[in-house]
Amino acid sequence: MKKLFISWAVLLIAGMANAQNGPQVRVAEGELEGVNESGVKVFKGVPFAAPPVGDLRWKAPQPVKPWEGVRTAFEYGPNPMQENVFGDMNFGTKKMSEDCLYLNIWTPSKTMKEGLPVLIYFNGGGLYAGSGSEPRYAGLSMARKGVISITANYREGIFGFYTNSALSKETAYKGSGNYGFMDQVAAITWVKNNIKAFGGDPSRITIVGESAGSMSVSVLMASPLCKGLFAQAMGSSGSVLGYKRVATLKEAEKTGDENMKAMGCKNLKELRALSAEELLKRAGVKSVPQYNIDGYFLTEQPMTTYAKGEQMQIPLLVGGNSNEMVTAFILHGKPATLENVKAAVADLFGSHADQVLDLYGIHTDADVQGERAILLASDMFIGFSTWRWWKMHNQTGHQPVYRYNYCHPRPDLMLKDKVAGLAGGVQDKKSDAPATPKLKGAIHSADIEYAMGNLPTNRLYDWQPEDYTVSDQFINYYANFVKTGNPNGLGLVEWGTTNGKAWAPVLQLDTQSTVKTDPQLEQRYQFIESLFPY
């Protein structure tokens with residue numbers, strides 16, 4: 001009887017252990033074990049490149065070394081090195097490290113053989129902040145729509161976008177910088193090579209990003225390293241096709257060499273010897289990044305590539321937010337007067353400042369306090385670059401292009417001691433930084449939780465039923481596009497392509513979504529474009 005009891009106990013313990021085992025897959029480097037979240041298999045902290053530390057600091061991402069046994073993929077890998085810049089960034093891990101090249105996978109696959117469509121999300125944050133561990137990017141809701149959803153880190157700031165003449169001498173192509181973009185290429189490549197193991201189809205990869213992530217998508221489409229890597233793209237608020245040309249290698253090297261001296265180092269050896277924490281401290285929050293025409297990731301101006309129609313010829317869904325930025329952004333702390341706005345506009349548009357103000361209907365101090373000035377600030381910040389990306393791909397591309405304008409304002413904050421910040425973040429009420437006024441539209445970055453179906457992950461806002469109505473539309477448009485290249489579907493307002501249209505039909509995404517054309521807006525952008533030829 002005693003032996004029988006012991007046998008039962010052994011079997012019971014073994015059964016419990018097996019029940020606790022999560023889903024397992026074999027990738028090129030070895031076995032991975034994830035977790036099951038209500039039918040969605042989740043693998044976090046999956047390495048897609050070797051740790052870029054030591055001698056690999058400021059080098060192109062290198063392959064992952066194989067591992068022995070089963071590697072657990074239960075927790076996010078460390079966030080990229082960064083300072084606390086944006087108040088709305090909430091991370092899924094507290095860890096931060098130069099060793100940050102990890103991705104996270106949410107797959108709804110049951111048999112791991114279905115050949116499901118794949119979405120890879122690159123985070124925003126100005127290329128110097130943010131992480132794939134942020135809950136607002138999480139892929140659980142998207143996976144429940146039948147899409148394998150992935151977030152991927154990339155090196156940021158001084159670690160991802162530092163160019164230096166000594167670094168250029170180390171490479172076969174005699175260029176440097178753009179390491180963060182190369183990390184993104186490495187992440188997509190790893191996914192393409194391994195996604196079958198997770199039930200995905202490597203020929204059905206869509207990439208998406210918001211803000212700096214959107215800029216990344218626009219430049220990845222122009223890079224010779226990405227040919228054939230992904231099948232579709234989506235972008236939200238931003239591109240590299242804005243007012244300024246991308247820096248040349250020589251320009252970036254000059255800046256980098258000067259920065260090395262400013263950081264108190266005489267040579268590259270001393271710079272590499274600094275700890276990640278010390279390097280971050282010496283570099284300063286916004287002194288870098290500066291991407292450039294390095295001769296490898298980029299061989300020419302992205303504008304030139306798009307103008308020639310040599311960008312990736314793939315379907316594109318692109319848009320932005322109706323109130324990307326408030327007027328205080330361009331005033332830099334000065335009073336909101338017509339005189340001060342005119343001076344700010346002249347800094348960018350030179351002698352054409354009066355014409356630009358006329359285009360936006362800004363003629364008095366009262367206009368500066370209203371929606372017209374907000375539209376101007378939004379376009380100066382990021383709206384124009386988003387439009388120009390759409391326009392260039394719509395003009396020289398041969399695949400469907402869809403354009404939207406996200407209009408829904410976020411509800412009030414639930415925390416009484418916090419206020420909304422300038423770029424969608426939050427800050428203490430006592431802060432000296434100017435707070436966002438109550439807006440009629442959507443501020444920069446406010447769309448992320450809606451688009452990914454992640455409102456519950458953000459506890460700061462008092463979400464209402466209409467917020468979930470908007471989110472349901474947004475995630476379904478996204479999911480449909482990823483699956484078919486067409487965002488339309490049951491229960492959604494019909495949204496046509498912009499291809500071949502004299503005036504673009506633009507989805508106005510809100511509680512009551514509509515599609516409309518706006519010739520006045522198009523003409524306004526066309527005039528601004530004429531001031532900044534490529």
Side-chain angles (χ1 to χ4, degrees), residues 37-44 76 79 86 88-92 103-108 116-125 130-154 184 187 191 200 205-214 216-217 232-238 317-321 402 404 406-408 410-411 424-425 442-461 463 466-483 487 489 492 507 509-510 513:
E37 294 190 21
S38 302
V40 174
K41 301 174 180 68
V42 184
F43 299 82
K44 294 179 180 178
Y76 290 110
N79 302 315
F86 300 105
D88 61 338
M89 285 187 176
N90 173 34
F91 301 109
L103 52 76
N104 315 291
I105 303 168
W106 290 261
T107 176
L116 298 173
V118 182
L119 178 65
I120 306 175
Y121 203 122
F122 294 116
N123 62 271
S131 171
S133 80
E134 292 180 65
R136 58 184 175 175
Y137 303 123
L140 194 61
S141 296
M142 186 63 73
R144 288 179 176 144
K145 298 289 183 183
V147 173
I148 297 177
S149 191
I150 299 170
T151 61
N153 289 347
Y154 53 94
Q184 294 169 355
V191 170
I205 296 173
T206 299
I207 66 170
V208 64
E210 185 273 340
S211 194
S214 185
S216 299
V217 173
Q232 300 181 146
M234 302 192 295
S236 171
S237 301
L317 186 154
V318 64
N321 292 0
Y402 297 87
Y404 71 87
Y406 181 68
C407 307
H408 184 65
R410 278 195 298 211
I443 190 78
H444 187 68
S445 85
D447 56 316
I448 300 170
E449 290 93 346
Y450 291 88
M452 293 300 291
N454 286 329
L455 296 183
T457 69
N458 188 332
R459 306 286 183 175
L460 296 174
Y461 293 91
W463 306 116
E466 56 265 28
D467 295 301
Y468 287 92
T469 297
V470 174
S471 180
D472 189 57
Q473 293 179 68
F474 212 157
I475 191 173
N476 278 309
Y477 278 127
Y478 260 25
N480 291 341
F481 182 80
V482 175
K483 292 175 182 178
L492 297 171
L507 176 71
L509 189 50
D510 208 333
S513 295

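In what follows, residues are counted from 1 in the order of the sequence shown.
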Looking at [Y], is its backbone amide N or carbonyl O close enough to the side chain of [X] to form a donor-acceptor pair, meaning the two atoms are under 3.5 Å apart?
| X | Y | result |
| --- | --- | --- |
| K483 | K145 | yes |
| Q473 | D510 | yes |
| N454 | R136 | yes |
| S133 | G92 | yes |
| N79 | S131 | no |

So how far is it from [X] [atom1] to [Y] [atom2], rounded to the nearest 0.5 Å?
| X | Y | atom1 | atom2 | value |
| --- | --- | --- | --- | --- |
| N458 | N90 | CG | CG | 7.5 Å |
| N123 | N153 | CG | CG | 7.0 Å |
| I205 | L119 | CD1 | CG | 10.5 Å |
| M142 | W106 | CE | CH2 | 11.5 Å |
| F122 | L103 | CZ | CG | 9.0 Å |
| E37 | R144 | CD | CZ | 7.5 Å |

Problem set entry | All side chain to side chain contact (heavy atoms under 4.5 Å, CB included) counterparts of D467, not counting sequence neighbours |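 By the side chain to side chain contact (heavy atoms under 4.5 Å, CB included) rule, D467 matches H408, P411, Y450, L455, W463, Q464.
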Exercise. Passes side-chain contact (heavy atoms from CB on, under 4.5 Å), I150 versus V191? Steps please.
Worked result: CA-CA 9 Å; I150 299 170; V191 170; 3.8 Å; yes
Minimal non-hydrogen separation, [X] against [Y], with atom names:
| X | Y | answer |
| --- | --- | --- |
| A212 | G125 | CB-N, 3.9 Å |
| G453 | S141 | O-OG, 2.8 Å |
| G238 | S214 | O-OG, 2.7 Å |
| S211 | H444 | OG-NE2, 2.8 Å |
| Y478 | A451 | CE2-CB, 3.7 Å |
| P487 | L492 | O-CD1, 3.7 Å |

For this session: Examine the side chains of S236 and D447 and answer whether a donor and an acceptor come within less than 3.5 Å of each other.
Result: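 Yes, side-chain donor-acceptor contact under 3.5 Å.
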For this session: Could you verify whether a donor N or O on one side chain and an acceptor N or O on the other, from E210 and S237, lie under 3.5 Å apart?
Result: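 Judged by distance alone, the side chains do not pair up.
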Exercise. So do Y121 and I448 actually touch side chain to side chain, heavy atoms under 4.5 Å?
Worked result: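 Side chain of I448 against side chain of Y121, heavy atoms only: contact under 4.5 Å found.
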Exercise. Is the closest side-chain heavy-atom distance between M452 and S149 below 4.5 Å?
Worked result: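 SC-SC contact between M452 and S149 confirmed.
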For this session: Show your reasoning for whether side-chain contact (heavy atoms from CB on, under 4.5 Å) applies to V40 and T107.
Result: CA-CA 6 Å; V40 174; T107 176; 5.9 Å; no
Exercise. How far apart are the C-alpha atoms of V42 and N104, what are their side-chain angles, what is the distance that settles it, and do they pass the side-chain contact (heavy atoms from CB on, under 4.5 Å) test?
Worked result: CA-CA 8 Å; V42 184; N104 315 291; over 6 Å; no
Exercise. Of F481, Y404, Y468, which is the lone residue that meets ring-ring contact (aromatic ring centres under 6.0 Å, His included) with F474?
Worked result: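 When ring-ring contact (aromatic ring centres under 6.0 Å, His included) is applied between F474 and each of F481, Y404, Y468, only Y404 qualifies.
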Problem set entry | Option among L317, L116, V147, I148 that satisfies the side-chain contact (heavy atoms from CB on, under 4.5 Å) test with V482 |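 That would be V147; it is the only one of L317, L116, V147, I148 passing the side-chain contact (heavy atoms from CB on, under 4.5 Å) with V482.
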Problem set entry | Trace of the side-chain contact (heavy atoms from CB on, under 4.5 Å) decision for M234 with T206 | CA-CA 7 Å; M234 302 192 295; T206 299; 4.1 Å; yes
Exercise. Among all residues two or more places apart in sequence or in another chain, which pass the side chain to side chain donor-acceptor pair (under 3.5 Å) test with S471?
Worked result: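 Applying side chain to side chain donor-acceptor pair (under 3.5 Å) to S471 gives none.
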